[in-house]
Enquirer: 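Below are the structure tokens for one structure; questions will follow.
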Amino acid sequence: MTAPEPGPGIPVPEYGAWLRRGISRDGGPLVEDREVVWLQAGPYYADSRGFAGTTSFDGTRVHFQHLTGEPGEDAGTFHRDGANLVEQGTNPDGGTFLEVWTPLPAAEEPYGSWSGPDHHVVRAGPHVVHVDAHTGTYWRL
């Protein structure tokens, strides 16, 4: 799959839970080899791949600042494709990616974000992602 050139993006929804349906790296095919869940609660996010932190939107791109777990920052543009969010961006190593995110059900209240010296937890409805220095873990309550 060849990703189209990214245009102006939209901010990520303020609250929600998404399951990744596939990723294309550096213009390759869209594939999925594991379950990846991303939760957003206000400016805070957690990704079950093992990183969590804050998001910001500069009018075009969403920036994911990793504060817990895997270090770094990645940025991308988002657009809607029906109910899905499609993200195109660049990793800290310069590689490009396209990810397709499908909303998970019942990702309403309660929602929130909690952190400590070496961990971060985000909840959106029954969905919880915990990230520490070693891993990210997804649970459905």
Enquirer: Using the rule that Ile, Leu, Val, Met, Phe, Trp and Tyr join whenever any side-chain heavy atoms are under 4.5 Å apart, tell me whether L39 and V36 fall into a single cluster.
Expert: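 They do not share one cluster, since no chain of ILVMFWY contacts under 4.5 Å joins L39 to V36.
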Enquirer: What pair of heavy atoms forms the shortest contact from H66 to E73, and how long is it?
Expert: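 Nearest pair, atom of H66 first, then E73: CD2-CA, 4.0 Å.
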Enquirer: Transitively linked via ILVMFWY side-chain contacts under 4.5 Å: W101 with V12?
Expert: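 Yes, it is one cluster - the side chains of W101 and V12 are joined through contacts under 4.5 Å.
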Enquirer: Restricting to salt bridge (Lys or Arg N to Asp or Glu O under 4.0 Å), what partner residues turn up for E87, sequence neighbours left out?
Expert: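 Per chain and number, E87 pairs via salt bridge (Lys or Arg N to Asp or Glu O under 4.0 Å) with no residue.
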Enquirer: First locate atom OG of S56, then atom CZ of R61, and finally report the distance between them rounded to the nearest 0.5 Å.
Expert: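 If we round to the nearest 0.5 Å, S56:OG and R61:CZ are 11.0 Å apart.
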Enquirer: Rounded to the nearest 0.5 Å, how far apart are OG1 of T55 and CG of D74?
Expert: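 The OG1 atom of T55 sits 11.0 Å away from the CG atom of D74.
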Enquirer: Roughly how far apart are R25 CZ and L98 CG, rounded to 0.5 Å?
Expert: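 It is 11.5 Å, given to the nearest 0.5 Å.
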Enquirer: Other members of the hydrophobic cluster containing Y15, with the 4.5 Å side-chain heavy-atom rule, please.
Expert: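 Traced through the cluster, Y15 reaches Y111.
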Enquirer: Report whether V86 and I10 are members of the same hydrophobic cluster (ILVMFWY, side-chain heavy atoms less than 4.5 Å apart, transitive linking).
Expert: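 Different clusters.
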Enquirer: Which atom names give the shortest non-hydrogen contact between A46 and A52, and what distance separates them?
Expert: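 That closest heavy-atom pairing would be CA-CB, 3.8 Å.
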Enquirer: Might you point out which heavy atoms bring R80 and P13 nearest each other, and give the distance in Å?
Expert: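 Shortest heavy-atom contact: NH2-CG, 3.5 Å.
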Enquirer: Determine the sole option in F51, Y44, Y45, F78 for which the ring-ring contact (aromatic ring centres under 6.0 Å, His included) test with W38 is passed.
Expert: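 Going through the options one by one, the only one that passes is F78.
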Enquirer: Given side chain to side chain contact (heavy atoms under 4.5 Å, CB included), test L30 with R21 step by step and report yes or no.
Expert: CA-CA 9 Å; L30 191 66; R21 290 297 183 192; over 6 Å; no
Enquirer: Going by the salt bridge (charged side-chain N to carboxylate O under 4.0 Å, His left out) test, which pairs reach into residues 47-60, not counting sequence neighbours?
Expert: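 Qualifying pairs, neighbours excluded: D47-R49, R49-E99.
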Enquirer: Listed by chain and number, what are the salt bridge (Lys or Arg N to Asp or Glu O under 4.0 Å) partners of E108, not counting sequence neighbours?
Expert: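 E108 satisfies salt bridge (Lys or Arg N to Asp or Glu O under 4.0 Å) with no other residue.
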Enquirer: Please report, to 0.1 Å, the donor-acceptor pairs under 3.5 Å made by any side chain of residues 112-125, with sequence neighbours excluded.
Expert:
| unit_1 | atom_1 | unit_2 | atom_2 | d |
| --- | --- | --- | --- | --- |
| S113 | OG | H120 | NE2 | 2.7 |
| R123 | NE | G125 | O | 2.6 |
| R123 | NH2 | G125 | O | 3.4 |

Enquirer: Find the distance between CG (D26) and OG1 (T90) and round it off to the nearest 0.5 Å.
Expert: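 Nearest 0.5 Å value for the CG-OG1 distance: 9.5 Å.
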Enquirer: If I take atom CD1 from residue I23 and atom CD from residue E32, how far apart are they, to the nearest 0.5 angstrom?
Expert: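 With rounding to 0.5 Å, CD1 (I23) is 7.5 Å from CD (E32).
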Enquirer: Would you be so kind as to tabulate the donor-acceptor pairs closer than 3.5 Å made by side chains of residues 133-141, with sequence neighbours excluded?
Expert:
| unit_1 | atom_1 | unit_2 | atom_2 | d |
| --- | --- | --- | --- | --- |
| Y138 | OH | H127 | ND1 | 2.8 |
| R140 | NH1 | H127 | NE2 | 3.4 |

Enquirer: Where is the tightest heavy-atom contact between G27 and T96, given as atom of each residue plus distance?
Expert: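 The answer is N-OG1, 4.2 Å.
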Enquirer: For the atom pair CD (Q65) and OG1 (T54), what is the distance rounded to the nearest 0.5 Å?
Expert: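 If we round to the nearest 0.5 Å, Q65:CD and T54:OG1 are 6.0 Å apart.
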Enquirer: Do W18 and F57 sit in the same hydrophobic cluster, where Ile, Leu, Val, Met, Phe, Trp and Tyr count as joined when their side-chain heavy atoms come under 4.5 Å apart?
Expert: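 They do share one cluster, since a chain of ILVMFWY contacts under 4.5 Å joins W18 to F57.
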Enquirer: Side-chain contact, heavy-atom cut-off 4.5 Å: V100 with D81?
Expert: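 SC-SC contact between V100 and D81 ruled out.
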